[in-house]
Number of protein chains: 2
Amino acid sequence: MRDVSRLAGVSQMTVSRVLADPDLVSEATRLRVMKAIEQLGYVPDRVAGSLSSRRTNFVTAILPTLTNSNFADTAQGLAEALRPADYQLLIGYTMYKLAEEERIIRAMLSRRPDAIVVAGMVHTKPASEMLLRAGIPIVEIWDVPDKPIDHAVGFSNFEVGRAAARHLLSLGHRRIGAIGSRTDGEAIDLRGESRLAGFASVLREAGIGDELIVREGTAPVSHDHGAQTISILLERAPDVEAVFAVSDISAFGALMECHRRGIKVPADLSLMGFGDFDIARQCVPAITTIRVDAAQIGRLTGEMLVRLFNEEGGAADLQPSTIDVGFTLVPRQTTAPAVLEAGLS
Amino acid sequence: MRDVSRLAGVSQMTVSRVLADPDLVSEATRLRVMKAIEQLGYVPDRVAGSLSSRRTNFVTAILPTLTNSNFADTAQGLAEALRPADYQLLIGYTMYKLAEEERIIRAMLSRRPDAIVVAGMVHTKPASEMLLRAGIPIVEIWDVPDKPIDHAVGFSNFEVGRAAARHLLSLGHRRIGAIGSRTDGEAIDLRGESRLAGFASVLREAGIGDELIVREGTAPVSHDHGAQTISILLERAPDVEAVFAVSDISAFGALMECHRRGIKVPADLSLMGFGDFDIARQCVPAITTIRVDAAQIGRLTGEMLVRLFNEEGGAADLQPSTIDVGFTLVPRQTTAPAVLEAGLS
DNA sequence: CCTGGCGCATCTACCGGTTCATTGGACAGG
DNA sequence: CCTGTCCAATGAACCGGTAGATGCGCCAGG
């Protein structure tokens, strides 16, 4: 930068101004500086700039994995919303592990991000404390927590489960099950578990037991996971009429397993998933699902942050806000009304 | 950090040592320092450290999108390989746009990464120059370029196309087509185009025209893209016997469209894709595809970089290396031998 | 004509670590 | 016992910018 300033015959500060706030510099000077920059192939060093200005223009996003298209969509939405404001996304993966989340938070904090976005609902105590003390905006996403740390953008996974159960009940089914993953100490998918809990709560209210809810394997779920868990369920209850999968990925795996076993969907079995993944819409039969706008969660989060950054110093960040983006049940071809008892089975 | 050093009764440098090179500090001093760190909740500032040491421990990855599970896998593999060496991944998305790639390279360079990984095969002139002058290792991935900028880890997309064509020919098909995306000035998917080019080259060698290769829409391809392009192809050539899709995503969309049209796969039409996405293995019928180990590309790249960083100053980075990870054709249920002319159609 | 006010560019002091040269002390050899 | 050598700990300079205060020149008002 010194070289540039010398070549342009101005002070170092003027060069800095040209880059940060071009309007404050007279036209002629600016052009001269720009030419010098071009000529030298000068690329400003934001590491130094960050140190000096105490703003890195980094936003950290901590997600379970990027191998799930929902989270990838969220990341993309977030990145797109932040880009115009010149913020760069720093992504960390927890692989659904709590301990890993803590490690990543610590590592990320040392990069001095201007905000942190976390997709985990639950955190270890040290993790929560670090976030609280960080002194920067924190946004929890993909759920609406009871006690948010700071801001939140998401929807109620519990209500998703309830909506799924009500849908299957309204079709007249009584032998109703669900498939999801276990939440042991290591791998944790609290959102999936919330959906199952909501699902179970409606079943109980309807006087139906929740014993057909199968929790097997660990997050992240896969197509294979769906195939395996539906097999377990079918073994346990061959007469099951309707099944809710915590994810479309599982639902698709389950659907294909039904194909292989000659079980007709939805004639013999109603099946629904969650997430409205591409695959749910495209496959035959198309899978009934619950849609959440993953990219929208990212975008709203990004826009919220940009607003916070601009108002910085204003009173706005004293009031943490929670945005519920809601969800939509999308009936498709894998769910159908129950047949009468006199039916085939 | 000053506070920590005072509390522990040592100099600032000793604290720095404890964090960077614990072995150089005596046991007692180290424990005292650690306690002080804990007590104050001190989190080191790597921005300052990076400025001073001229190493940021950032590696930039520039990918077309993360919404494609192949690239997400690569990113994950890369992140995992870099994590033990304490390098953090900085991800940028180009959305298959050349201009965007240049913008992102410029933005990333100002973050002073220790290496850059690029998934684009082709770059604008300024982009190439910036990469060349960056003075850090550059790794081009997802193809084996003729003239690599520096290092490369990938496979030959051209050969993938050739292998696909040979497979379909070996099954006895003659009316052979393919579906992919257009490469107009804005959106560019050179890898997909390479596959189509390889595919076409084999068709021509076999004396078959390449007029059934449909290029429609822009990258990234989607399930819908597959459905639409196969429709165009079927209209143009209802008697087409075998189709290669540049991606499993397209192949699956095409497969479902065939379902809807009552076209039996593989009895009426052989279909194959590329990428060995989860969906190709799980769907019914399972899709014949060409497998590349996306995560492995990421891992190998990461390991190569870690090696380079460690040897830094050694002679090793004078010799740019190219790793070809190859690919595998995975025959499944969507391709079958051609029926004789006397057959149904 | 002199002085105060204003705008643009400059000057100086850091930001929070790390590097490197220096210093003090311990040990061994003369 | 004194001195030279080597190691470990220390202190000062610096990484490349930015914030905030200062200086300078021009214009308007007294």
Side-chain angles (χ1 to χ4, degrees), chain A residues 1-34 36-37 40-58 86 88 107 109-114 134-136 309 312-313, chain B residues 1-33 36-37 40-58 86 88 106-107 109-114 134-136 309 312-313:
Chain A
M1 179 154 148
R2 199 188 319 278
D3 300 338
V4 173
S5 64
R6 268 187 221 139
L7 181 59
V10 297
S11 84
Q12 204 171 322
M13 259 322 294
T14 308
V15 178
S16 173
R17 276 263 177 56
V18 170
L19 272 71
D21 226 331
D23 301 335
L24 293 181
V25 180
S26 69
E27 181 77 9
T29 315
R30 202 186 52 201
L31 286 178
R32 206 148 29 98
V33 172
M34 294 298 269
I37 287 176
L40 293 174
Y42 165 73
V43 179
D45 186 330
R46 303 197 64 172
V47 177
S50 297
L51 175 60
S52 182
S53 67
R54 296 123 159 302
R55 288 182 311 107
T56 52
N57 275 37
F58 276 130
D86 192 33
Q88 165 71 37
L109 279 178
S110 72
R111 301 288 192 178
R112 296 288 185 267
D114 293 339
I136 52 178
F309 294 145
E312 188 187 7
Chain B
M1 179 154 148
R2 201 189 317 278
D3 300 338
V4 173
S5 64
R6 270 189 219 137
L7 181 59
V10 298
S11 83
Q12 203 171 322
M13 260 321 296
T14 310
V15 178
S16 173
R17 277 263 178 56
V18 170
L19 273 71
D21 227 332
D23 301 333
L24 292 182
V25 181
S26 70
E27 182 75 10
T29 315
R30 202 186 50 200
L31 286 177
R32 205 147 30 97
V33 172
I37 288 176
L40 292 174
Y42 165 75
V43 179
D45 187 329
R46 303 197 63 172
V47 178
S50 296
L51 175 60
S52 182
S53 67
R54 294 123 160 303
R55 288 182 311 108
T56 53
N57 276 35
F58 276 130
D86 193 33
Q88 165 71 38
R106 191 183 310 278
L109 279 178
S110 73
R111 302 287 192 179
R112 297 287 186 268
D114 292 339
I136 52 178
F309 295 144
E312 187 187 8

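Quantities reported herein were computed from a predicted structural model and do not represent experimental measurements.
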> Would B:Thr56 and B:Gln88 count as a side chain to side chain contact (heavy atoms under 4.5 Å, CB included) if you check the C-alpha gap in whole Å, the side-chain angles of each, and the deciding distance to 0.1 Å?
Replying inline: CA-CA 9 Å; B:Thr56 53; B:Gln88 165 71 38; over 6 Å; no

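- Cation-pi geometry between B:Arg111 and A:Phe58 is satisfied (NZ or CZ under 6.0 Å from the ring centre, within 45° of the ring normal).
- Nearest heavy-atom pair, B:Phe309 versus B:Asp114, reported as atom, atom and distance to 0.1 Å: CE2-O, 3.3 Å.
- In this structure, A:Asp86 and A:Asn57 approach most closely via the heavy-atom pair O-ND2, 2.9 Å.
- Of the residues in residues 44-54 of chain B, those placing a heavy atom less than 4.0 Å from an atom of DNA chain D are B:Leu51, B:Ser52, B:Arg54, in numerical order.
- Between the B:Ser53 side chain and the B:Gly49 main chain, a donor and an acceptor come within less than 3.5 Å of each other.
- Across all non-hydrogen atoms, the minimal contact from B:Ile37 to B:Val4 is CG1-CG1, 3.7 Å.
- In plain terms, the two heavy atoms of B:Pro44 and A:Ser110 that are nearest each other are O-CB, 3.2 Å.
- Every residue two or more places apart in sequence or in another chain that forms a side chain to side chain donor-acceptor pair (under 3.5 Å) with B:Arg106 is listed here: B:Glu102.
- Within the helix from C:dC1-D:dG30 to C:dG30-D:dC1, the inter-axis angle between the opening and closing five-pair segments is 60°, rounded to 10°.
- The distance from atom CE of A:Met13 to atom P of C:dT12 is 14 Å, rounded to the nearest whole Å.
- Extent of DNA chain D lying under 4.0 Å from chain A heavy atoms, first and last nucleotide in 5' to 3' order, is D:dG16 to D:dA19.
- C:dT10 atom P lies 9 Å from atom CZ of A:Arg17, rounded to whole Å.
- The separation between A:Arg111 atom CZ and C:dG16 atom C1' is 15 Å, rounded to whole Å.
- Under the side chain to side chain donor-acceptor pair (under 3.5 Å) criterion, A:Arg17 pairs with no residue, sequence neighbours left out.
- Every residue two or more places apart in sequence or in another chain that forms a side chain to side chain donor-acceptor pair (under 3.5 Å) with A:Thr14 is listed here: A:Ser11.
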